[in-house]
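Presented below is the structure to which this report refers.
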Amino acid sequence: MSSVTATTTTAPDPAGSAPAPARPRLDWRLRFAALSLIWGFSFLLIKVGTQGYAPFQVTLGRLAFGTAVLAVAMAVRREGLPRGVRTWMHLAVAGFLLNALPFSLFAFAELTIPSTLAGICNATSPLWGMALSLVALHEDRPTRVRVAGLGLGFLGVLTVLGAWQGFQGLDARGTTLALLASLSYPVGWIYVRRTLAGSSHSHLSLTGGQLLLATVQLAVVTPLFTSVPSSLAVGPLLAIAALGTLGTGLAVLVQYGIVAEVGPTTGQMVTYFVPVIAAAAGILLLGETLTWSTPVGAAVVLAGAALTQVRPRRAE
């Protein structure tokens, strides 16, 4: 569940050289809407999952189900896992930064903050990505519009958090964890661009290996910090299964198809629908409430994020 940006933030484009797949029969607009819904509801599913299982257990289940989906897709397309020790080392870092770490941070965050706030925090990924890319990626040069978008976006974050009230009523720990999770995505994709861009392996192969390594990481960590549940909570377990199969596995496949067909600029627009859907799902299905500053601040965040993605026109 990450924002889709193919350059500076969270767009899954590690290979950059794989041939475009055959155009699917289902129109890309319908797949775009489905992807927005899947990622928007992911925050609700995390919340439900943590009601029966520890955050690390939620993340491990999510990664395991997501990896299984990609394994099936790889088998159907007859694609194998990547080769090369260096590639696997880079994928281990990518799996940590893009999957194991942010997924775990969001799960811990939603122990104390509403799923609506977690979804809004996720929308700050393009802002973090733009700020980081100005330092780490030489091809991303600042413009007045993009810098203005960065400032506007973080003004929106302060609005969401109620800065003028001294952040009263805000769970600082949970909110900080959610913001760190959103920061982890662009850090991960900048790393991927520096290490795996131009790889001869396909997107599917690289992502399959990445999720597999992230699953292994959580499989090692989870037993150290959690105990086996005393009872089987069916509802939360189904939420974790849906989170993994849909929000992680299927979403990756849909996302790659959209980016390959219509390009990353259009594909990244899903970023601006996810917090809206997350908020609606939390309010309607979980009974969460919002103060006026949350939707207003979220709108400002999204406006700022949109401005950070504006590229200067090339001279004709």
Side-chain angles (χ1 to χ4, degrees), residues 1-21 35 39 59 62-63 66-71 73-75 77-105 125-126 128-140 181-218 248-261 263-265 267-268 270-271 309 311:
M1 149 214 13
S2 63
S3 306
V4 186
T5 55
T7 54
T8 62
T9 56
T10 53
D13 190 15
S17 60
L35 183 61
W39 272 343
T59 303
R62 174 183 187 175
L63 287 170
T67 302
V69 171
L70 291 190
M74 291 174 65
R77 300 181 186 181
R78 297 182 179 180
E79 292 194 26
L81 290 170
R83 297 181 180 181
V85 175
R86 178 170 295 184
T87 297
W88 279 98
M89 291 177 63
H90 290 319
L91 287 176
V93 177
F96 175 75
L97 292 173
L98 292 171
N99 303 114
L101 179 60
F103 292 178
S104 298
L105 288 175
S125 281
W128 296 120
M130 189 266 182
L132 291 172
S133 68
L134 296 179
V135 177
L137 299 175
H138 299 297
E139 65 270 26
D140 285 321
S182 69
L183 171 61
S184 181
Y185 289 127
V187 172
W189 283 116
I190 288 176
Y191 178 84
V192 165
R193 286 186 61 179
R194 285 181 169 273
T195 59
L196 292 172
S199 171
S200 59
H201 299 96
S202 70
H203 295 309
L204 180 59
S205 177
L206 288 172
T207 306
Q210 176 183 310
L211 281 183
L212 175 61
L213 290 174
T215 304
V216 172
Q217 292 168 6
L218 261 295
T248 304
L250 180 62
V252 167
L253 299 177
V254 173
Q255 181 189 30
Y256 281 152
I258 293 174
V259 171
E261 183 173 344
T265 301
Q268 73 185 18
V270 71
T271 302
Q309 302 307 308
R311 303 284 173 177

Shortest non-hydrogen contact from [X] toward [Y]:
X: Leu63; Y: Ala214; answer: CD1-O, 3.6 Å
X: Trp88; Y: Pro82; answer: NE1-O, 2.8 Å
X: Leu250; Y: Val69; answer: N-CG1, 3.8 Å
X: Val252; Y: Thr248; answer: CG2-O, 3.0 Å
X: Ala73; Y: Leu253; answer: CB-CD1, 3.9 Å
X: Leu213; Y: Ala92; answer: CD1-N, 3.4 Å

- Going by the side-chain contact (heavy atoms from CB on, under 4.5 Å) test, name the single residue among Arg83, Glu79, Gln210 that passes it with Ser205.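 Testing each of Arg83, Glu79, Gln210 against Ser205, the sole residue satisfying side-chain contact (heavy atoms from CB on, under 4.5 Å) is Glu79.
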Measuring from [X]:[atom1] to [Y]:[atom2], what's the distance to the nearest 0.5 Å?
X: Leu206; Y: Leu70; atom1: CG; atom2: CG; value: 11.5 Å
X: Ser184; Y: Phe96; atom1: OG; atom2: CZ; value: 7.0 Å
X: Leu204; Y: Met74; atom1: CG; atom2: CE; value: 5.5 Å
X: Tyr185; Y: Leu98; atom1: OH; atom2: CG; value: 8.0 Å
X: Asn99; Y: Leu212; atom1: CG; atom2: CG; value: 11.0 Å
X: Leu81; Y: Thr87; atom1: CG; atom2: OG1; value: 11.5 Å

- Within-4.5 Å side-chain heavy-atom neighbours: Tyr256 and Thr207: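 Counting from C-beta outward, Tyr256 and Thr207 do come under 4.5 Å.
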- Item | Flag side-chain contact, heavy atom, 4.5 Å: Ile258 against Val270 |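 No, too far: nothing below the 4.5 Å cut-off.
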- Task: May I have the step-by-step check of side-chain hydrogen bond (donor to acceptor under 3.5 Å, both in side chains) for Ser125 and Ser182, ending in yes or no?
- Result: CA-CA 5 Å; Ser125 281; Ser182 69; 4.5 Å; no
